[in-house]
Asks: 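Supplied in structure tokens, the structure appears directly below.
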Number of protein chains: 2
Amino acid sequence: MGRVFGRTKGDAFVAHEAQKAIARQSLLLKSLPDQHVETLLSHAIWRQYDRGETIFVQEESAQAVHVVLAGWVKLFRMSPTGAEAVVSVFTRGESFGEAVALRNVPYPVSAEAVSACEIMHIPSPVLISLMKTDPEIGISILASTFTHLHSLVSQLEQLKAQTGAQRVAEFLLNLCDCDEGACEVELPYDKMLIAGRLGMKPESLSRAFSRLKAVGVKINRNHAEISNIPQLRDYADSDPADNWGR
Amino acid sequence: MGRVFGRTKGDAFVAHEAQKAIARQSLLLKSLPDQHVETLLSHAIWRQYDRGETIFVQEESAQAVHVVLAGWVKLFRMSPTGAEAVVSVFTRGESFGEAVALRNVPYPVSAEAVSACEIMHIPSPVLISLMKTDPEIGISILASTFTHLHSLVSQLEQLKAQTGAQRVAEFLLNLCDCDEGACEVELPYDKMLIAGRLGMKPESLSRAFSRLKAVGVKINRNHAEISNIPQLRDYADSDPADNWGR
DNA sequence: GGCGTCGCTTGACTATTGTCATGTTCCCGG
DNA sequence: CCGGGAACATGACAATAGTCAAGCGACGCC
């Protein structure tokens with residue numbers, strides 16, 4: 001199998017139109033003029049990764065921006081003691097590594113495929129040279145970066161101000177399309193990862209799910225039923241200090 | 001007093017050279033060509049704020065990038081229940097609001113002066129027009145933004161992987177100049193804010209300080225003595241699960 | 001088709017943190 | 001110099017989350 005760079009980091013493939021279409025719809029590219037998009041697509045490196053494969057590791061220096069076309073990718077940090085902190089989880093149409101790629105600094109996190117993945121890598125020199133011809137590209141990159149910044153801020157707020165069960169409730173609510181009545185959703189990746197993403201242990205996640213039964217949530221394998229969305233939202237935003245019935 | 005825009009948001013003042021010098025050394029400006037720096041300085045709005053004064057609030061739309069010249073500023077989020085989550089605390093030479101200013105989107109956080117402050121505001125139109133002439137500006141802004149991103153990632157890791165006392169230990173270590181032997185530092189702002197910044201209640205911070213006595217830390221008012229920096233670092237990075245002597 | 005691994009759940013126990021109440025000290029304004 | 005209030009410390013208690021251990025069940029591999 002053709003290993004690019006001779007490293008065991010993903011197998012190269014040739015992009016089909018369907019894959020390019022996904023890339024075009026990504027937050028990073030969708031607001032750029034077509035001409036630039038085509039340039040970027042034609043210089044991109046396309047790879048697929050198996051579940052568990054490493055995409056890059058902390059401290060490695062950044063050479064590309066990554067756009068997920070299919071599958072799920074987690075960004076995480078290892079603390080000196082070996083504890084893993086999941087920083088974010090990305091899927092189809094999302095991109096990461098923007099701010100790092102342009103500065104040639106080391107990644108602050110590691111990235112790993114948590115399911116089979118297809119990823120498009122845009123080499124940073126391509127991006128930089130294009131940016132010199134059109135500052136609009138810079139704005140686009142800033143937009144993506146800001147989205148990440150925003151999501152990190154939200155996570156911080158949640159960790160600091162909510163209990164585990166409440167964070168799980170918000171997680172479920174984000175999965176729902178509708179915003180009232182009942183809803184059924186599939187959990188997008190396994191519970192161990194969900195636990196990590198929400199800053200808790202798998203055991204605590206299990207218990208959080210049990211607790212949510214009281215506010216009309218039923219979990220079966222990776223399938224979740226929410227009987228009353230507003231009720232769940234109330235729970236998620238309620239003050240843990242108030243003695244909520246229970 | 002001359003309220004700019006007729007709002008009660010800071011008093012305008014005319015910048016002295018000393019203040020401009022601080023601005024020039026800020027991460028945001030220091031790598032830019034002199035010519036651009038002068039343009040930005042000459043278009044900047046200079047204001048001072050009293051302790052407790054609001055600089056901007058969440059949801060307000062961003063119109064400028066902010067550079068702290070003196071004093072301390074906190075960025076925080078209010079959860080629906082009224083709990084406050086401190087996202088970051090900035091001081092002399094640091095800037096915030098870069099990513100938001102360029103997109104004209106609402107701030108995800110509120111900003112408040114926690115001590116008397118002097119702040120330089122660079123209106124975003126000035127920045128944007130300059131960016132169109134020189135994409136290097138975009139890179140500079142991305143650099144600042146990346147620094148914030150990185151610090152948020154570190155905070156997330158700490159919150160997810162360390163106990164309160166360990167976070168306090170890291171906080172103290174960041175305050176030290178030296179990296180071995182003993183050290184004395186002043187706590188830069190009051191303990192309530194430190195507690196917020198580290199994601200805990202003031203009571204927990206008090207207890208964390210007591211605990212740190214066991215690893216050679218003495219706190220007296222806002223003065224801290226660390227008798228052995230490597231020992232403290234070991235403590236901060238040790239695994240809470242291991243039964244560390246105690 | 002059996003079997004082992006791994007993800008997941010549950011229970012018992014411990015540790016950490018938040019909450020509430022109380023008391024001290026310090027700072028600021030009369 | 002004397003209150004009054006805010007910041008801070010401390011104790012008792014409750015709630016929450018982590019740890020350890022055991023057990024279940026699905027999936028893949030031989």
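All values reported here derive from a predicted model rather than from experimental measurement. We name chains A, B, ... by the order of the sequence lines, and we start the count at 1 in each one.
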Asks: Just to confirm, is there a sub-4.0 Å distance from OP1 or OP2 of C:dT9 to any side-chain nitrogen or oxygen of A:Lys191?
Replies: yes

Asks: The side chain of A:Asp190 lies closest to which of these nucleotides: C:dG18, D:dC8, C:dG7?
Replies: C:dG7

Asks: Testing the basics here: between A:Trp72 and A:Ser115, what is the closest heavy-atom pair and its distance to 0.1 Å?
Replies: N-OG, 3.0 Å

Asks: Rounded to whole angstrom units, what separation is found between the CD atom of A:Gln158 and the P atom of D:dA17?
Replies: 13 Å

Asks: Once each nucleotide of nucleotides 24-29 of chain D is scored for protein heavy atoms under 4.0 Å, what B/S/- sequence comes out, 5' to 3'?
Replies: --SS--

Asks: Using the rule given for ring pair (Phe, Tyr, Trp, His ring centres under 6.0 Å), can you reason through B:His148 versus B:Phe90, listing the C-alpha separation, both sets of side-chain angles and the distance that settles it, and then say yes or no?
Replies: CA-CA 11 Å; B:His148 298 163; B:Phe90 293 110; 5.3 Å; yes

Asks: To the nearest Å, give me how far apart CG (A:Leu205) and P (C:dT9) are.
Replies: 7 Å

Asks: So, do A:Gln58 and A:Phe76 sit near enough that their side-chain heavy atoms are less than 4.5 Å apart?
Replies: no

Asks: In whole Å, what is the span from the CE atom of B:Met192 to the P atom of D:dC8?
Replies: 7 Å

Asks: Does any non-hydrogen side-chain atom of B:Ile55 lie less than 4.5 Å from one of B:His121?
Replies: yes

Asks: Between B:Ile45 and B:Arg47, is any pair of side-chain heavy atoms under 4.5 Å apart?
Replies: yes

Asks: Measure from CD1 on A:Ile219 to C1' on C:dT9 and round the result to the nearest Å.
Replies: 13 Å

Asks: For A:Gln162 and D:dA17, give me the distance from atom CD to atom C1', rounded to whole Å.
Replies: 16 Å

Asks: Using whole Å, what does the distance between atom P of nucleotide D:dC8 and atom CZ of B:Phe209 come to?
Replies: 10 Å

Asks: All N/O contacts under 3.5 Å from nucleotides 10-12 of chain C to the protein, with atom names and distances to one decimal?
Replies:
{"from": "C:dG11", "atom 1": "N7", "to": "A:Arg207", "atom 2": "NH2", "distance (Å)": "2.7"}
{"from": "C:dG11", "atom 1": "O6", "to": "A:Arg207", "atom 2": "NH2", "distance (Å)": "2.9"}
{"from": "C:dA12", "atom 1": "N6", "to": "A:Arg207", "atom 2": "NH2", "distance (Å)": "3.2"}

Asks: Give a yes-or-no answer on whether the side chains of B:Glu94 and B:Thr91 include a donor-acceptor pair shorter than 3.5 Å.
Replies: no

Asks: Whole angstroms only, please: what is the CZ-P distance between B:Arg51 and C:dC28?
Replies: 10 Å

Asks: Only one of A:Gln48, A:Arg92, A:Gln19 passes side chain to side chain donor-acceptor pair (under 3.5 Å) with A:Glu118; say which it is.
Replies: A:Gln19

Asks: Hey, does A:Leu193 have a side-chain heavy atom less than 4.5 Å from the side chain of A:Asp190?
Replies: yes

Asks: In terms of ring plane angle, is the pair A:His66 and A:Phe96 parallel, tilted or perpendicular, where the classes change at 30° and 60°?
Replies: parallel

Asks: Tell me: CZ of B:Arg211 to C1' of C:dT16, nearest whole Å?
Replies: 7 Å

